[in-house]
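Everything below concerns the one structure shown next.
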Amino acid sequence: MRNSSLKNICLTALLVSCSLTLSTASAVGTQGPMGLMGPAGPQGLKGAKGDKGDKGATGARGPAGLPQAGVNVGDVQYWDGNQWQVLSAPKFTANSCNAATLQYLKNATAPSWQTSCAPTNTTVYHIGDTGPAGGKVFYLSDTTGLHGLEAAPADISNIAGYEWGCQSTSIPGAQGTAVGTGAANTAAIVKGCNQANTAAKMADAYTINGYSDWFLPSKDELSLLYAQKDVVGGFADYFYWSSSESDSYFA
């Protein structure tokens with residue numbers, strides 16, 4: 001812009017000067033050649049950096065993974081740490097296993113089924129029924145009718161009777177009084193008392209109808225037996241031993 005302005009001013013001075021030297025007519029001088037373009041100015045300074053844009057919003061959460069589809073009724077699914085796995089429902093055969101419990105054992109990598117099986121062709125018993133050995137059922141330990149106690153069909157006795165045995169000697173392991181301890185008491189007496197023909201040894205040696213797992217009842221088992229005396233056929237009019245030792249002198 002500076003070169004253009006200067007040229008206009010010079011042209012005006014020439015016109016004024018010419019008008020003073022001519023008397024009859026005005027003349028216009030020939031325009032001189034255009035001057036060379038000046039060099040380019042220095043580059044401007046770099047503009048300031050713009051403000052940083054806002055962070056974009058977090059994308060929406062993807063859909064949750066779905067467990068695998070089961071095949072059989074009762075199939076269960078578990079997470080193995082990486083993906084869902086299917087544990088098939090247990091299969092039961094007729095007259096055998098009829099229940100199962102899902103369990104997870106310590107240090108296991110997966111859960112498993114624990115099946116409960118009953119013997120084939122089992123007979124359910126009730127109080128007063130004739131037991132498998134021919135005696136009388138006088139106690140049931142659960143509601144299945146498969147577990148309990150059976151009294152021998154007759155007393156084991158002779159005219160003189162039998163001693164408990166080993167007076168003044170305590171028998172380790174023969175102090176149980178609760179229901180379920182009679183068999184252990186009897187085994188301890190047989191092992192720990194050398195006296196022959198004790199009540200415990202006679203009960204342990206008793207066999208009938210192919211069954212030889214008889215024992216002398218504990219104190220509480222004998223009480224249950226007496227409570228069902230009418231069911232088992234009554235008690236004779238003499239003392240009955242339990243297998244429960246009180247101390248080295250008494251039982």
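If you're wondering where the values come from, they're calculated on a predicted model, not measured in any experiment.
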Is a donor on one side and an acceptor on the other found under 3.5 Å between the side chain of [X] and the backbone of [Y]?
{"X": "Asp75", "Y": "Ala89", "value": "yes"}
{"X": "Glu221", "Y": "Lys219", "value": "no"}
{"X": "Asn185", "Y": "Gly176", "value": "yes"}
{"X": "Thr186", "Y": "Leu216", "value": "yes"}
{"X": "Ser243", "Y": "Pro217", "value": "yes"}
{"X": "Trp241", "Y": "Tyr162", "value": "yes"}
{"X": "Trp113", "Y": "Ser88", "value": "yes"}
{"X": "Ser218", "Y": "Ala178", "value": "yes"}
{"X": "Glu245", "Y": "Ile171", "value": "yes"}

Can you tell if the side chain of [X] reaches within under 4.5 Å of the side chain of [Y], non-hydrogen atoms only?
{"X": "Thr109", "Y": "Asp80", "result": "no"}
{"X": "Thr130", "Y": "Lys136", "result": "yes"}
{"X": "Tyr206", "Y": "Ser212", "result": "no"}

Neighbour count >12 (heavy atoms, 6.0 Å) for atom [atom1], [X]:
{"X": "Phe235", "atom1": "CZ", "value": "yes"}
{"X": "Tyr238", "atom1": "OH", "value": "yes"}
{"X": "Tyr104", "atom1": "OH", "value": "yes"}

For [X] and [Y], work out which heavy atoms get closest and say how close.
{"X": "Leu140", "Y": "Ile127", "result": "N-CD1, 3.9 Å"}
{"X": "Ala236", "Y": "Asp155", "result": "CB-OD2, 4.2 Å"}
{"X": "Ala188", "Y": "Ala174", "result": "CB-N, 4.1 Å"}

Side-chain heavy atoms under 4.5 angstrom apart, residues restricted to Ile, Leu, Val, Met, Phe, Trp, Tyr: same cluster for [X] and [Y]?
{"X": "Tyr240", "Y": "Trp164", "result": "no"}
{"X": "Met202", "Y": "Ile189", "result": "no"}
{"X": "Leu225", "Y": "Tyr211", "result": "no"}
{"X": "Tyr78", "Y": "Val86", "result": "no"}
{"X": "Trp214", "Y": "Ile156", "result": "yes"}

With a cut-off of 3.5 Å and sequence neighbours excluded, list every side-chain donor-acceptor pair involving residues 147-154.
unit_1 : atom_1 : unit_2 : atom_2 : d
His147 : ND1    : Asp142 : OD2    : 2.6
His147 : ND1    : Thr144 : OG1    : 3.4
Glu150 : OE2    : Ala133 : N      : 3.2
Glu150 : OE2    : Gly134 : N      : 3.2
Glu150 : OE2    : Gly135 : N      : 2.7

## Note on the structure
Interatomic distance, CG@Asp129 vs CZ@Phe138, rounded to 0.5 Å, equals 14.0 Å

### Query
Between atom NZ of Lys201 and atom SG of Cys193, what is the distance when rounded to the nearest 0.5 Å?
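The SG atom of Cys193 is 5.5 Å from NZ of Lys201, to the nearest 0.5 Å.
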
### Task
Scan for side chain to side chain donor-acceptor pair (under 3.5 Å) pairs involving residues 188-197, sequence neighbours excluded, and state none if there are none.
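Applying side chain to side chain donor-acceptor pair (under 3.5 Å) to every pair that reaches into residues 188-197, excluding sequence neighbours, yields Glu163-Gln195.
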
### Task
Please lay out, stage by stage, how Leu87 and Leu102 fare under the test side chain to side chain contact (heavy atoms under 4.5 Å, CB included).
CA-CA 10 Å; Leu87 178 64; Leu102 186 65; 3.6 Å; yes

